[in-house]
Enquirer: 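The following block contains the structure, expressed as C-alpha cells.
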Amino acid sequence: MKRRFDETFQAVNERFRQHFVTLFQGGNARLEMQQPKRGAKGEADDEDEELAEALPAKKNNIAGGVEIFVQIPGKKVQDLSLLSGGERSLVSSALLFALLETNPPPFCLLDEVDAALDESNVVRFCEILLTLAHQTQFIVITHNRVTMTHANVIYGVSMTDSVSRILSMKLAEAQVSAR
Amino acid sequence: MKRRFDETFQAVNERFRQHFVTLFQGGNARLEMQQPKRGAKGEADDEDEELAEALPAKKNNIAGGVEIFVQIPGKKVQDLSLLSGGERSLVSSALLFALLETNPPPFCLLDEVDAALDESNVVRFCEILLTLAHQTQFIVITHNRVTMTHANVIYGVSMTDSVSRILSMKLAEAQVSAR
Amino acid sequence: MYLKRLNLHGFKSFAARTALDFSPGTTAIVGPNGSGKSNIADSLRWVLGEQSMRQLRGKKSEDIIFAGGHGRAQLGMAEVTLTLDNASNWLPSEFTEVTVTRRAFRSGDSDYLINGTKVRLKDMLNLLSQARIGHDSYTIIGQGLVDQALSSRAEERRSLFEDAA
Amino acid sequence: MYLKRLNLHGFKSFAARTALDFSPGTTAIVGPNGSGKSNIADSLRWVLGEQSMRQLRGKKSEDIIFAGGHGRAQLGMAEVTLTLDNASNWLPSEFTEVTVTRRAFRSGDSDYLINGTKVRLKDMLNLLSQARIGHDSYTIIGQGLVDQALSSRAEERRSLFEDAA
Ligand SMILES: Nc1ncnc2c1ncn2[C@@H]1O[C@H](COP(=O)(O)OP(=O)(O)OP(=O)(O)O)[C@@H](O)[C@H]1O
Ligand SMILES: Nc1ncnc2c1ncn2[C@@H]1O[C@H](COP(=O)(O)OP(=O)(O)OP(=O)(O)O)[C@@H](O)[C@H]1O
Ligand SMILES: [Mg+2]
Ligand SMILES: [Mg+2]
C-alpha cells in the first residue's frame with residue numbers, strides 16, 4: 001500500500017514537473033512528501049498518536065502532507081502565496097494534469113479553470129488538454145474562445161423565462177459571444 | 001450617529017437596487033438591516049450583552065447585520081449561494097457601485113473584477129463605471145478588451161528577467177493580447 | 001468513450017427534459033452568465049452521489065429541484081440520468097450501456113436506479129466506485145476552485161495522491 | 001484629480017525605479033500573467049499603511065522587497081511614493097502636491113515620510129484618514145475578491161456601510 005503510494009507519488013511528481021515546464025516555458029517544480037511530525041517534542045507526539053488513531057487511515061495526517069515548490073523561469077523560488085492569480089491556476093493545472101495522466105479517470109469536467117489565464121497561457125493549457133484527451137473524456141465549461149476551438153462538440157446553454165435549454169453549436173457561432 | 005448610518009443605508013439601498021436593475025436589465029434587489037438578536041431567549045441575551053460590551057462599537061454584531069435579497073429577472077428569489085459566478089460578481093458590483101456613489105472615495109482600484117463576466121455584462125459594468133468616474137479616479141487591472149476601451153490611459157506591464165516594467169500603451173496595442 | 005449522455009429533468013434551471021450527448025472527444029459548454037452551465041456540472045456531481053448540498057451551492061435538499069420562475073410553476077421532482085458506454089466492458093455489468101438515475105422529491109424522498117431498476121444508494125455508489133468514477137477528488141473541478149490544491153494544507157493535498165494511487 | 005503618481009523602487013518585482021502617472025480619468029493596467037499588475041495594487045495598499053502581510057500575499061515582512069532573480073541580486077530596500085494632487089485643497093495641507101512615502105528594509109526597519117520629512121506611522125495614517133483615504137474597505141478590491149461582500153456574514157457587511165456613513 002505504501003509502496004504503491006510512493007510509486008504513484010514519483011510518477012505524479014515527474015509529470016507535474018514536465019507540465020509545469022510546458023506551461024511556464026521553463027523553470028522548475030517539484031512535490032515533496034513532508035516527514036510526519038515526530039522527534040523531540042514528547043508531549044506533541046502523544047497527542048499526534050492519539051490523533052492518528054482517531055482519524056481514518058486515509059486522512060491520517062501523521063503520514064505527512066505534500067508540499068509544492070516552484071521556480072518560475074527567471075525568478076527565485078518563493079512562497080506560493082506570492083504567485084499571481086494566473087500563475088496559481090497554471091501550477092494547480094500542472095498538478096491536475098499530472099494526476100490525470102498518472103491514473104486517467106474515464107472523464108473529467110472542468111468548470112472555467114481557464115478564467116485567470118491570459119491568451120498565451122490558455123493556448124499552452126489547451127495543448128496539454130489535447131494530449132490527455134486520448135485517455136480521458138473532457139467536458140469543459142468556458143467563456144474563452146481559444147478553449148472552444150479545442151472541442152469536438154460545443155453545446156450552447158441559454159436561459160429563457162427561467163428555464164435553461166441546450167443547443168448544439170458550431171464553433172463560429174459560439175465564438176461570437178465569447179471572450 | 002445612528003441616524004447618519006440609517007440615512008446612508010437608505011441611500012445605498014436605493015442605488016444598489018438601481019445598479020442591480022441596470023446590470024441585470026430588470027429584476028429587483030434590496031438590502032435589509034437584520035434586527036439585532038433579542039427577545040425571548042433570556043440566557044442568550046446575557047451572553048449577547050457581554051459580547052456587545054467586549055467588542056468595539058464598529059464591530060458590534062448586536063447592532064445587526066446587512067442581508068442581501070435579489071430577484072434575477074424571470075427567476076424567483078433564491079439564496080445567494082445558488083447564483084452563478086457571473087451573477088455573484090454583478091450583485092457584488094452593484095453593491096460596490098452603490099457605496100462608491102453614496103460616499104465617493106477619491107480613488108478606487110479594481111483588480112480583475114470583470115473576470116467572471118461575459119461580454120454583454122462587461123459592457124453594462126463599464127457603462128456604470130463611466131458614470132462614477134466623474135467623482136472617483138478609477139484604476140482598473142484587467143485582461144478584458146472591452147474594459148480597456150473605457151480607460152483614458154492604458155499602462156502595459158511586462159516582465160523581463162524577473163523585473164517588472166511599465167509602458168504607456170495605445171488601445172490597439174493593448175487589445176492585441178487581450179481576452 | 002465512457003460518458004454517452006446526460007439527461008436532466010427538473011434539476012435546478014433545467015425544468016424541461018434536456019439531453020446532452022457527449023462526444024468521444026472533448027465537449028465544450030458555453031453560454032452567458034447564469035444560463036445554466038455550472039448547473040450541468042452540479043447535475044453530474046449529484047447523479048454520481050454527491051450528498052453535500054454545500055458542494056451543490058445549495059442550502060436545503062429541495063434547492064436542486066426547479067423552483068419555478070417567470071409564470072412557470074415549481075416542479076415536484078428532479079431527475080438526472082447518466083448513460084455510460086460499456087462497449088469496452090470497463091464497468092462491472094453485462095450490458096453494453098449502463099444508466100444511472102437519481103431522483104429527488106420535494107417530500108425529501110430519493111430514488112436511485114441502475115438500468116431502470118431501483119437500488120439502494122450504496123449499490124449505486126458501489127458500482128461507481130468499482131468503475132473508479134468519483135464525485136469527489138479531481139474528476140470534477142468546480143468554478144473558482146482550480147487553485148484549491150494550492151490553498152489547501154499539505155495534508156489535505158495528500159488525499160489527491162491517494163485517489164490516484 | 002486626486003492621485004497624481006505612484007513611484008515604486010524595489011517593491012516586489014519592481015526592482016527598477018518605476019513611475020506610474022495617473023490620468024484624471026480612468027487608468028487601465030494590462031499585461032500577461034505574472035507581469036506585476038497585482039503587485040502595483042499591493043504597493044498602493046502598502047504605501048497607504050497596510051500592515052497585514054497576508055493582505056499583501058506575503059508571509060514575512062521582507063517578502064515585499066525585491067527578492068532577486070535571473071542574474072540579479074536581491075535589493076535591501078523597498079520604497080513606494082504616492083503623489084497626491086491637492087489643488088482643490090481636499091487634503092489637510094498647505095501644499096498643492098502632497099507625497100507620502102513608505103520604505104522597508106531587510107533589517108526590519110521602516111520609514112514613513114510626508115513631503116520628504118520622516119514622520120511616525122500614526123502621523124501618516126492620520127493624514128490619510130483625514131483625507132478619507134483608506135487601505136481597507138472598498139477603495140481597493142483585490143483579485144478574486146469581488147464577491148467577498150456576498151460571502152461574508154451579514155455583520156461583516158455592516159462595516160462597509162459604516163465606512164460609507
Ligand atoms: N432550483 C432552481 N430552480 C430554478 N433556477 C435555479 C435553481 N437553482 C439555480 N437556479 C438558477 O440557475 C442560475 C445559475 O446557473 P449556473 O450557475 O449554471 O450559471 P452559469 O451558466 O454557470 O453562469 P456563469 O457563467 O456566471 O458561471 C441562477 O440564476 C439560479 O437562479
Ligand atoms: N519580493 C519579490 N521579488 C521579486 N518578485 C516578486 C516578489 N514578490 C512577488 N514577485 C513576483 O511577482 C509575480 C506576481 O506578480 P502579480 O501578482 O503582480 O502578477 P499579475 O500581473 O497580477 O498576474 P495575473 O494576471 O496572473 O494576476 C510573481 O511571479 C512573483 O514571483
Ligand atoms: Mg458557472
Ligand atoms: Mg493579478
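Proteins get letters first, then strands, A, B, ... in listed order; numbering begins at 1 in each.
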Enquirer: Select all residues of residues 87-108 of chain D having any heavy atom within less than 4.5 Å of some heavy atom of chain A, and report them by number, or 'none'.
Expert: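 Interface residues of residues 87-108 of chain D: none, nothing closer than 4.5 Å to chain A.
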Enquirer: Please tabulate, one pair per line, all N/O donor-acceptor pairs under 3.5 Å involving side-chain atoms of residues 119-130 of chain D, not counting sequence neighbours.
Expert:
residue, atom, partner, partner atom, Å
D/Arg120, NE, D/Asp123, OD2, 3.1
D/Arg120, NH2, D/Asp123, OD1, 2.9
D/Asp123, OD2, D/Arg120, N, 2.9
D/Ser129, OG, D/Asn126, O, 3.4

Enquirer: So does A/Leu117 get a backbone contact from the side chain of D/Asn33, meaning a donor-acceptor N/O pair under 3.5 Å?
Expert: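 Between the backbone of A/Leu117 and the side chain of D/Asn33 there is no qualifying donor-acceptor contact (under 3.5 Å).
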Enquirer: Need one label for A/Glu119: side chain, backbone, both or neither, based on atoms under 4.5 Å from any heavy atom in chain D.
Expert: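 Neither part, no heavy atoms under 4.5 Å.
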Enquirer: Taking all non-hydrogen atoms of both residues, which atom of A/Ser81 and which atom of D/Arg57 are closest, and how far apart?
Expert: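 Here A/Ser81 and D/Arg57 meet closest at OG-O, 2.9 Å.
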Enquirer: Got a sec: does the CD of A/Gln71 have more than 12 other heavy atoms crowding it under 6.0 Å?
Expert: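 Count over threshold, so yes.
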Enquirer: Please look at A/Ala115 and chain D and tell me whether the side chain, the backbone, both or neither of the residue comes under 4.5 angstrom of a heavy atom of that chain.
Expert: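 Contact with chain D: none, neither part.
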Enquirer: Taking atom NZ as the centre, does D/Lys118 end up with more than 12 heavy-atom neighbours from other residues, nucleotides or ligands that are less than 6.0 angstrom away?
Expert: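 No, NZ of D/Lys118 has 12 or fewer neighbouring heavy atoms, counting only those of other groups under 6.0 Å.
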Enquirer: Mind checking which of residues 3-32 of chain D sit less than 4.5 Å from chain A, heavy atom to heavy atom?
Expert: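 Within residues 3-32 of chain D, near chain A: D/Lys12, D/Pro32.
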Enquirer: Donor-acceptor pairs under 3.5 Å, side chain of residues 17-24 of chain A to any protein atom, not counting sequence neighbours: which ones?
Expert:
residue, atom, partner, partner atom, Å
A/Arg17, NE, A/Asn28, OD1, 3.0
A/His19, NE2, A/Glu101, OE1, 2.6
A/Thr22, OG1, A/Gln18, O, 3.0

Enquirer: Who wins among D/Gln143, D/Lys59, D/Arg54 for the most heavy-atom pairs under 4.5 Å with chain A?
Expert: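 Top option by heavy-atom pairs under 4.5 Å: D/Lys59.
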Enquirer: Please report the interatomic distance NE2(D/His70) to CD1(A/Ile72), rounded to the nearest 0.5 Å.
Expert: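 Between atom NE2 of D/His70 and atom CD1 of A/Ile72 there are 14.0 Å.
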